[in-house]
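Remarks on the structure that follows.
Count residues from 1 along the sequence.
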Amino acid sequence: QVQLVETGGGLVQAGGSLRLSCAASGRTFSSFHMGWFRQAPGKEREFVASINWRGVMTYYADSVKGRFTISRDNAKNTVYLQMNSLKPEDTALYYCAAGAVTGRASDYGYWGQGTQVTVSS
């Protein structure tokens, strides 16, 4: 079992930055691939980024490529999502997930509760 807690969300103006953190507890964090997803009101949950267990391979949705960076610190059991050049369309509830590097939410076995990101224009 893995418990995930996201922090770092908030309200930011367009063009600004935020860094999300996801702290993991339970089973060995370093053995899990990790991902970030987001869900805006009235829309389906969508893939944002993922990172393999060693932190060597990263994957991004086209909509965030070049603006967002996923990273992890296995010594701190934490995965991060650095978000730069934020746009109003990035507004969503952001979820941390464990267990895969794919873009399919159904491939991930563990989920956090989410942290809200709101980008004002």
Side-chain angles (χ1 to χ4, degrees):
Q1 191 76 7
V2 175
Q3 292 78 42
L4 303 173
V5 178
E6 305 96 333
T7 57
L11 174 64
V12 64
Q13 288 188 333
S17 299
L18 282 174
R19 187 175 83 155
L20 306 183
S21 299
C22 173
S25 60
R27 292 179 61 185
T28 306
F29 170 77
S30 60
S31 67
F32 280 88
H33 305 316
M34 300 293 296
W36 286 96
F37 286 74
R38 67 187 182 186
Q39 188 166 17
K43 295 187 177 181
E44 292 188 354
R45 192 169 298 189
E46 66 172 357
F47 171 75
V48 175
S50 62
I51 187 167
N52 76 331
W53 67 276
R54 291 181 62 190
V56 174
M57 301 300 295
T58 58
Y59 306 89
Y60 297 93
D62 288 343
S63 59
V64 306
K65 203 170 293 183
R67 300 187 298 122
F68 291 10
T69 302
I70 188 171
S71 62
R72 66 190 297 161
D73 185 338
N74 287 343
K76 295 182 178 180
N77 286 0
T78 302
V79 63
Y80 304 98
L81 185 68
Q82 177 67 45
M83 306 185 295
N84 298 329
S85 302
L86 282 161
K87 304 175 181 180
E89 51 263 44
D90 294 317
T91 295
L93 189 61
Y94 282 71
Y95 295 92
C96 173
V101 288
T102 69
R104 291 187 300 271
S106 58
D107 289 342
Y108 292 74
Y110 304 96
W111 291 85
Q113 293 300 307
T115 185
Q116 178 68 39
V117 172
T118 303
V119 184
S120 63
S121 57

* Asked: Counting N and O atoms only, with roles assigned by atom type, does the side chain of Tyr60 sit under 3.5 Å from a partner on the main chain of Ile70, one being a donor and the other an acceptor?
  -> yes
* Asked: Looking only at atom types and distance, does a side-chain atom of Arg72 sit under 3.5 Å from a main-chain N or O of Gly55, one as donor and one as acceptor?
  -> no
* Which atom of Ala92 lies closest to which atom of Ala40, heavy atoms considered -> CB-N, 3.8 Å
* With sequence neighbours left out, write down each residue that passes salt bridge (Lys or Arg N to Asp or Glu O under 4.0 Å) with Arg19, or none if nothing qualifies. => none
* To do: For Ala24 and Phe29, work out which heavy atoms get closest and say how close.
  => CB-CD1, 3.3 Å
* To do: Report yes if some heavy atom in the side chain of Leu4 is under 4.5 Å from a heavy atom in the side chain of Tyr95; otherwise report no.
  => no
* Asked: Does the Glu6 side chain pair with the main chain of Thr115, one donor and one acceptor, at a distance under 3.5 Å?
  -> no
* Work out which heavy atom in Met34 is nearest to a heavy atom in Cys22; give both atom names and the distance. => CE-SG, 4.3 Å
* Tyr110: partners by ring pair (Phe, Tyr, Trp, His ring centres under 6.0 Å), with sequence neighbours left out -> Phe32
Under 3.5 Å, side-chain donor or acceptor atoms of residues 43-51 against the rest of the protein: list the pairs with distances, not counting sequence neighbours.
unit_1: Arg45; atom_1: NE; unit_2: Gln39; atom_2: OE1; d: 3.4
unit_1: Glu46; atom_1: OE2; unit_2: Arg38; atom_2: NE; d: 2.5
unit_1: Glu46; atom_1: OE2; unit_2: Arg38; atom_2: NH2; d: 3.1
unit_1: Ser50; atom_1: OG; unit_2: Val101; atom_2: O; d: 2.7

* Asked: Do side-chain atoms of Asn52 reach the backbone of Met57 as a donor and acceptor pair under 3.5 angstrom?
  -> yes
* Asked: When rounded to the nearest 0.5 angstrom, what distance separates OG1 in Thr91 from CD in Gln116?
  -> 7.5 Å
* Side chains of Tyr108 and Phe37: closer than 4.5 Å at any heavy-atom pair? -> yes
* Structure fact -> Sorted by chain and residue number, the salt bridge (Lys or Arg N to Asp or Glu O under 4.0 Å) partners of Arg104 (sequence neighbours excluded) come out as Asp107
* Gln13 side chain reached by Leu86 side chain, heavy atoms, under 4.5 Å -> no
* To do: Name all residues meeting the side chain to side chain contact (heavy atoms under 4.5 Å, CB included) criterion together with Thr78; count only those two or more places apart in sequence or in a different chain, and write none if there are none.
  => Ser21, Ala23, Lys76, Tyr80
* Asked: Which salt bridge (Lys or Arg N to Asp or Glu O under 4.0 Å) pairs, counting each pair once, include a residue from residues 111-121, with sequence neighbours left out?
  -> none
* Asked: Looking at Val79 and Cys96, what are the two nearest heavy atoms and their distance?
  -> CG1-SG, 3.8 Å
* So, does Asn84 use its side chain to make a donor-acceptor pair with the main chain of Thr69 at under 3.5 Å? -> no
* Can you name the nearest heavy-atom pair linking Asp90 to Ser85, along with the distance? -> OD2-O, 4.4 Å
* **ILVMFWY network linking Val64 to Val12, side-chain heavy atoms under 4.5 angstrom** => yes
* Distance-only, no hydrogens or angles: does the His33 side chain make a donor-acceptor pair with backbone N or O of Gly99 under 3.5 Å? -> no
* Kindly give the heavy-atom pair with the smallest separation between Tyr94 and Leu20, and that separation in Å. => CB-CD1, 3.6 Å
